[in-house]
Trainee: 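Before we start, here is the structure in question, set down as structure tokens.
All values derive from a computational prediction rather than experimental measurement.
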Amino acid sequence: MARASLDTDTSIGIDTDTTRRLRDGMAQGVLSFPLTSFHEDGSLDPDGFRAHVAAQIATGPGAVFPACGTGEFFSLDEDEYRVVVSVAVEEAGGRVPVVAGVGYGWAQAARFARIAEEAGADALLVLPHYLVAAPQDGLVAQLEQLAARTRLPLIAYQRGQVAFTAESLKRIAGIRNVIGLKDGHSDLDRLQRLTLAAPEGFLFFNGAATAEIQARAYAAVGVPAYSSAVHAFAPELANAFFTALQNGDHGTVDKLLRDFYVPLVELRDRVPGYAVSLVKAAARLRGRPVGPVRAPLTDPSAADLADLRTLLAAGLDLVGAAL
């Protein structure tokens with residue numbers, strides 16, 4: 001497995017093979033955030049996860065991000081996390097970069113970072129810290145502390161209580177192994193300021209919930225790459241949307257948005273946590289071995305599951321696929 005090199009300093013800190021592979025992958029496909037498989041009793045299902053992540057990789061994503069928000073990182077202990085990242089690395093086999101999620105405070109994030117590095121991950125997505133609001137100096141220090149404790153490249157994730165100013169973006173871009181930023185705020189004014197403040201080569205991608213809804217708007221401010229929760233259960237739809245967007249086929253983009261993505265968001269917004277549990281339910285409807293969500297998330301109600309089935313069937317029909 002290719003590992004991050006720390007040998008070549010550039011304007012963004014380190015120019016690694018992983019950075020180049022991520023940049024290329026982000027231009028060629030959506031970013032896959034696989035679901036973590038659990039048995040019905042809530043225990044980890046490594047075999048189910050292996051089958052799921054292998055199927056995800058086979059559909060050609062730009063990169064794979066195990067144990068992140070969609071993968072219920074917040075529900076995994078360290079031993080489970082090691083299994084999840086190790087399986088993802090094994091299944092990727094160097095074909096696509098593997099970016100593992102880490103989080104909580106920097107001390108705990110560093111423990112997960114060590115596990116991910118030992119498992120062979122290529123980079124880390126730094127999820128928002130736990131619970132408290134923090135000033136800009138603290139947000140920068142969080143990344144500095146973690147960066148000092150891992151050899152892996154870091155991608156910062158701003159959402160919730162984490163939102164960088166343009167000045168802070170310059171500071172984190174100067175940390176030797178911080179290579180990019182995932183945005184979940186969808187504040188395009190702020191995001192435009194961040195992209196203009198960033199050094200050349202710094203990676204950005206759209207991490208909004210159901211990112212396709214805002215993909216054109218993000219692309220307009222210089223952030224065309226995005227993560228796709230839909231890819232976890234309907235890669236046919238996710239890839240069709242990505243291709244249409246890349247080709248400037250706005251008629252197809254509009255149709256997919258109007259007839260599938262917007263209704264999906266309306267269904268997702270019915271219950272807190274559906275951004276994950278609805279995705280997992282859709283994967284189960286397609287026979288994927290992902291199992292239930294763990295508390296505090298809850299699986300969809302029977303009524304919502306029926307609506308999801310109808311919507312998913314109609315969406316797949318748009319791209320010539322079947323439930």
Trainee: Looking at L124 and A116, what are the two nearest heavy atoms and their distance?
Mentor: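 Closest pair (atom of L124, atom of A116, distance): CD2-CB, 3.6 Å.
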
Trainee: Going through the distances and angles, do D189 and R193 end up as a salt bridge (Lys or Arg N to Asp or Glu O under 4.0 Å)?
Mentor: CA-CA 6 Å; D189 178 284; R193 295 168 191 268; 2.7 Å; yes

Trainee: Might you point out which heavy atoms bring A281 and L305 nearest each other, and give the distance in Å?
Mentor: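 Reported closest heavy-atom pair: CB-CD1, 3.9 Å.
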
Trainee: If we count only N and O atoms by modelled type, under 3.5 Å, do the side chains of Y157 and R159 hold a donor and an acceptor together?
Mentor: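 Indeed, the side chains of Y157 and R159 share at least one donor-acceptor pair under 3.5 Å.
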
Trainee: Using side chain to side chain contact (heavy atoms under 4.5 Å, CB included) as the criterion, point out the one residue from V178, D137, L143 that pairs with R171.
Mentor: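 Between R171 and the candidates, side chain to side chain contact (heavy atoms under 4.5 Å, CB included) is satisfied uniquely by D137.
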
Trainee: Check the pair E144 / R176 against salt bridge (Lys or Arg N to Asp or Glu O under 4.0 Å), numbers first and verdict last.
Mentor: CA-CA 9 Å; E144 289 174 336; R176 195 165 187 263; over 6 Å; no

Trainee: Hey, does the side chain of R309 reach the backbone of L285 with a donor-acceptor pair shorter than 3.5 angstrom?
Mentor: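 Looks like no, no N/O pair under 3.5 Å.
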
Trainee: Do V30 and L237 sit in the same hydrophobic cluster, where Ile, Leu, Val, Met, Phe, Trp and Tyr count as joined when their side-chain heavy atoms come under 4.5 Å apart?
Mentor: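 Cluster IDs for V30 and L237 match.
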
Trainee: Are S168 and L139 close enough that some pair of their side-chain heavy atoms sits under 4.5 Å apart?
Mentor: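 With C-beta onward as the side chain, the pair stays apart.
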
Trainee: Between T243 (side chain) and N239 (backbone), is there a donor-acceptor pair under 3.5 Å?
Mentor: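 Looks like yes, one N/O pair under 3.5 Å.
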
Trainee: What's the spacing between S37 OG and E72 CD if we round to 0.5 Å?
Mentor: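 Here the interatomic distance stands at 10.0 Å.
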
Trainee: Could you tell me if the side chain of P263 sits less than 4.5 Å from the side chain of V265, heavy atoms only?
Mentor: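 A side-chain contact is absent here, since even the closest heavy-atom pair is not under 4.5 Å.
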
Trainee: Donor-acceptor pair, distance only, cut-off 3.5 Å: does the side chain of K280 make one with the backbone of T36?
Mentor: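 Yes; at least one donor-acceptor contact below 3.5 Å.
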
Trainee: Please check if atom CZ in R284 has more than 12 non-hydrogen atoms from other residues, nucleotides or ligands closer than 6.0 Å.
Mentor: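 Counting other residues, nucleotides and ligands, CZ of R284 exceeds 12 neighbours.
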
Trainee: What about L154 and V140, same hydrophobic cluster or not, with Ile/Leu/Val/Met/Phe/Trp/Tyr joined at side-chain heavy-atom distances under 4.5 Å?
Mentor: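 Hydrophobic grouping puts L154 with V140.
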
Trainee: Given salt bridge (Lys or Arg N to Asp or Glu O under 4.0 Å), test D259 with K255 step by step and report yes or no.
Mentor: CA-CA 6 Å; D259 295 344; K255 184 171 181 59; 3.1 Å; yes

Trainee: Could you tell me whether a side-chain N or O of R114 sits under 3.5 Å from a main-chain N or O of R149, the two making a donor and an acceptor?
Mentor: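 Looks like no, no N/O pair under 3.5 Å.
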
Trainee: Return yes if some donor-acceptor pair links the side-chain N/O of T150 with the main-chain N/O of L146 below 3.5 Å, else return no.
Mentor: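 No.
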
Trainee: Show, in sequence, the C-alpha distance, side-chain angles and deciding distance for F38 and F49, and conclude whether the ring pair (Phe, Tyr, Trp, His ring centres under 6.0 Å) test is met.
Mentor: CA-CA 8 Å; F38 299 120; F49 179 70; 9.6 Å; no

Trainee: Ignoring hydrogens and angles, state whether a donor on the side chain of T195 or Q192 is under 3.5 Å from an acceptor on the partner side chain.
Mentor: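 The criterion, which ignores hydrogens and geometry beyond distance, is satisfied for Q192 and T195.
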
Trainee: When rounded to the nearest 0.5 angstrom, what distance separates CG in L278 from CG in L297?
Mentor: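 One finds 11.5 Å between CG of L278 and CG of L297.
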
Trainee: Run the ring pair (Phe, Tyr, Trp, His ring centres under 6.0 Å) test on Y218 and Y226 for me, step by step, so that the C-alpha distance in whole Å, both residues' side-chain angles and the decisive distance to 0.1 Å come before the verdict.
Mentor: CA-CA 9 Å; Y218 269 81; Y226 61 90; 9.2 Å; no

Trainee: Are Y274 and D304 close enough that a side-chain donor and a side-chain acceptor fall under 3.5 Å?
Mentor: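 A donor-acceptor contact under 3.5 Å links the two side chains.
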
Trainee: What is the distance from atom CG of L181 to atom CG of L203, rounded to the nearest 0.5 Å?
Mentor: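 Between atom CG of L181 and atom CG of L203 there are 10.0 Å.
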
Trainee: Go through the steps to decide whether Q108 and E78 satisfy the test side-chain hydrogen bond (donor to acceptor under 3.5 Å, both in side chains), and finish with yes or no.
Mentor: CA-CA 10 Å; Q108 185 63 41; E78 291 180 12; 2.7 Å; yes

Trainee: Under a plain distance cut-off of 3.5 Å, with no hydrogens placed, do R268 and T210 share a side-chain donor-acceptor pair?
Mentor: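 Short answer, yes.
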
Trainee: To the closest 0.5 Å, what do you measure between OG (S75) and OH (Y81)?
Mentor: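 So the gap between those two atoms works out to 14.5 Å.
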
Trainee: Is the closest side-chain donor-acceptor distance between H231 and Q56 under 3.5 Å?
Mentor: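 A donor-acceptor contact under 3.5 Å links the two side chains.
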
Trainee: About how many Å separate NE2 of H185 and CG of D187, when rounded to the nearest 0.5 Å?
Mentor: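 D187 CG to H185 NE2: 8.5 Å, rounded to 0.5 Å.
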
Trainee: Quick check: is L316 connected to Y261 through a chain of hydrophobic side chains (ILVMFWY, heavy atoms under 4.5 Å apart)?
Mentor: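 Linked, Y261 and L316 end up in one cluster.
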
Trainee: Rounded to the nearest 0.5 Å, how far does CG of D183 lie from CG of L191?
Mentor: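 If we round to the nearest 0.5 Å, L191:CG and D183:CG are 5.0 Å apart.
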
Trainee: Just wondering, do V98 and P66 contact through their side chains at under 4.5 Å, heavy atoms?
Mentor: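 In contact.
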
Trainee: Is the gap between the ring centers of F73 and F65 under 6.0 Å?
Mentor: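 Judged by ring-centre distance (under 6.0 Å), F73 and F65 do not meet the cut-off.
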
Trainee: List the steps, then state whether side chain to side chain contact (heavy atoms under 4.5 Å, CB included) holds for V64 with I57.
Mentor: CA-CA 7 Å; V64 174; I57 291 170; 3.6 Å; yes

Trainee: Is any side-chain heavy atom of L257 closer than 4.5 Å to one of R216?
Mentor: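 Counting from C-beta outward, R216 and L257 do come under 4.5 Å.
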
Trainee: Would you say that L35 contacts F233 through its side chain, given a criterion of any heavy-atom pair below 4.5 Å between the two side chains?
Mentor: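 Counting from C-beta outward, L35 and F233 never come under 4.5 Å.
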
Trainee: Does any N or O in the side chain of N247 come within less than 3.5 Å of the main-chain N or O of D249, such that one atom is a donor and the other an acceptor?
Mentor: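 Not confirmed, N247 side chain does not pair with D249 backbone.
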
Trainee: F241 and F260: aromatic ring centres closer than 6.0 Å?
Mentor: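 Here the rings of F260 and F241 have centres that are no less than 6.0 Å from each other.
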
Trainee: Between D122 and D17, does a side chain to side chain contact (heavy atoms under 4.5 Å, CB included) hold up when you go through it step by step?
Mentor: CA-CA 9 Å; D122 295 290; D17 178 61; over 6 Å; no

Trainee: For the residue pair V290 and V279, establish whether any side-chain heavy-atom pair is separated by less than 4.5 Å.
Mentor: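 They are not in contact (no side-chain heavy atoms under 4.5 Å apart), so the answer is no.
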
Trainee: For the pair E212 (side chain) and A238 (backbone), establish whether a donor and an acceptor sit closer than 3.5 Å, ignoring hydrogens and angles.
Mentor: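 No.
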
Trainee: Walk me through it: do R286 and L312 pass the test side chain to side chain contact (heavy atoms under 4.5 Å, CB included)?
Mentor: CA-CA 9 Å; R286 303 204 71 198; L312 180 55; 3.9 Å; yes

Trainee: Is the closest side-chain heavy-atom distance between E40 and P292 below 4.5 Å?
Mentor: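 Sidechains of P292 and E40: in contact.
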
Trainee: Please confirm whether the backbone N or O of Q142 pairs with a side-chain atom of H129, one donor and one acceptor, at under 3.5 Å?
Mentor: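 Checking the backbone N and O of Q142 against the side chain of H129, no donor-acceptor pair under 3.5 Å is found.
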
Trainee: Answer yes if V293 and L267 sit in the same cluster of Ile, Leu, Val, Met, Phe, Trp and Tyr residues linked by side chain heavy atoms under 4.5 Å apart, and no otherwise.
Mentor: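 No; tracing contacts between hydrophobic side chains, which count when under 4.5 Å, never links both residues.
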
Trainee: Counting only N and O atoms by type, is there a donor-acceptor contact under 3.5 Å from the side chain of N206 to the main-chain atoms of V223?
Mentor: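 It does not hold such a pair.
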
Trainee: Please check: side-chain N/O of R111 versus main-chain N/O of W106, any donor-acceptor pairing under 3.5 Å?
Mentor: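 Flag not set: sc R111 to bb W106 has no pair under 3.5 Å.
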
Trainee: Please determine whether residues F204 and L196 belong to a single hydrophobic cluster, defined as Ile, Leu, Val, Met, Phe, Trp and Tyr linked transitively by side-chain heavy-atom distances below 4.5 Å.
Mentor: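 They do not share one cluster, since no chain of ILVMFWY contacts under 4.5 Å joins F204 to L196.
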
Trainee: Is the shortest heavy-atom distance from the side chain of T18 to the side chain of V99 under 4.5 Å?
Mentor: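 T18 vs V99: side chains apart.
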
